[in-house]
Amino acid sequence: MRFEKRIFLSTATVHGEEMEFVKEAFERNWIAPLGFNCDGLEEEIAQYLEKGSKEKYHTVALCAGTAALHLAMKLSGVKAGDIVLCSDTTFAATVNPVSYEGAKQVFVDSEFDTWNMDPAALEKAFQKYPQAKVVVLAHLYGSPAKMDEILEICEKHNAVLIEDAAEALSATYKGRQCGTFGKYNVISFNGNKIITSSGGGMLITADKAARDKALFWATQSREPAPWYQHEEIGYNYRMSNVVAGIGRGQLIHLDEHRDRKEQIYRRYEQGFKGLPVKMNPYLPESVPNFWLSCMLVDEDCAVDPMDIMNVLNEANVESRPIWKPMHMQPVFKDCDFVSVSESSVGEQIFKRGLCLPSDIKMTEEQQDIIIDIIKSMF
Ligand SMILES: *Cc1c(COP(=O)(O)O)cnc(C)c1O
């Protein structure tokens, strides 16, 4: 059996409203960085995140989530030679900005309950590096981390938390939106995320002055003077008004995307009943956005997820290994790694896990065929 059209992990799903906002940008001849769609997207995301919260959030639309992470790093005061405690199992974009500022990553192992940063390993990392003042935490595949514990440890050690919610927009922990837990928070509108602007990101903070500083850096650090006056190094990180229009059209469909993602997750969960397999886990106090459905093969089972990936590929279905932990990446071979277990949890998840097709355009019939292919491997 081979699907005629390839089934992907997660691709953009457009609806129509996107074009209305883009059209307005063209009609008003506003094809520039900055503009009314950027302002609109900033305001609408802030409103979305403020649901169920008393806090007011300030946002800056940027050209990428990675740019937002870089500005978050600068706002946190990270300097050359500093130590930054980072999620280990994540996309490299979470931790690369540490290097942009000349600082050093120390990777903190994951736990099995959410696949995110292990609070016990974070505490151990602070014991070893008491000088660390910044923590960068990602919520993997849209499952919120153990936020109460993480926040308590950060507070105890007087550290700033940067929350990478690039994969977790619309996920909640105890009713609070991901992307609002850190002092500085980041979301992404990259093409494969739960909603997209075709590419882009946003910095979120409750600190208005920090928001203004980020905007200043993102627009080449232009001082308020009639001529081009520069007293700091700047960046060209702003989002285009056209791109922001796509994001605004997508945001209308965010909750609908989330619900469809959950249906996909539940169908896998149901389909795998009786197999030595678990779905990517989450806490009872969390509501994930189910951005990607992933499976983890039980420890004592001999089935190799890479074999499943290859068989799915032959059927013209895309699947992908779990993020390879950062402490295993050659580029970070000089960085320390802190764990509280005998063998790295992130490494075990990487070896036994697989990201499954979670594209919301996939039909139930297609998903059932994919489930049957996977079942036949056991
Ligand atoms: C996608 C992603 C990013 C980067 O966002 P971009 O908008 O692509 O720069 C950062 N962190 C995580 C965890 C991501 O999945």
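First listed ligand is number 1; within each ligand, the first listed atom is number 1. When reading the values below, keep in mind they use all heavy atoms of this one structure, side chains included, and skip hydrogens, waters and symmetry mates.
Met295 pairs in a side-chain contact (heavy atoms from CB on, under 4.5 Å) with only one of the listed residues (Leu275, Asn280, Ile374), which is Ile374. A side-chain contact (heavy atoms from CB on, under 4.5 Å) with Phe290 holds for exactly one of Met279, Glu262, Gln263, His257; it is Glu262.
Grouping Ile, Leu, Val, Met, Phe, Trp and Tyr by side-chain contacts under 4.5 Å, direct or through others, puts Met147 with Ile83, Leu85, Val106, Val108, Met117, Leu122, Phe126, Tyr129, Val135, Leu137, Ile150, Leu151, Ile153, Leu161, Tyr173, Phe181, Leu283, Val338. Listed by chain and number, the hydrophobic cluster partners of Ile252 are Phe21, where partners are ILVMFWY side chains within reach of under 4.5 Å, directly or through others.
Residues that satisfy the side chain to side chain contact (heavy atoms under 4.5 Å, CB included) test with Arg320, not counting sequence neighbours, are Leu9, Glu318, Cys355.
Looking at heavy atoms from C-beta onward, Glu223 lies in side-chain contact with Phe216 at the 4.5 angstrom threshold.
Protein residues having at least one heavy atom under 4.0 Å from any atom of ligand 1 are Ala64, Gly65, Thr66, Leu69, Thr90, Phe91, Ala93, Thr94, Asp164, Ala166, Glu167, Ser188, Asn190, Lys193, Gly200, listed by chain and number.
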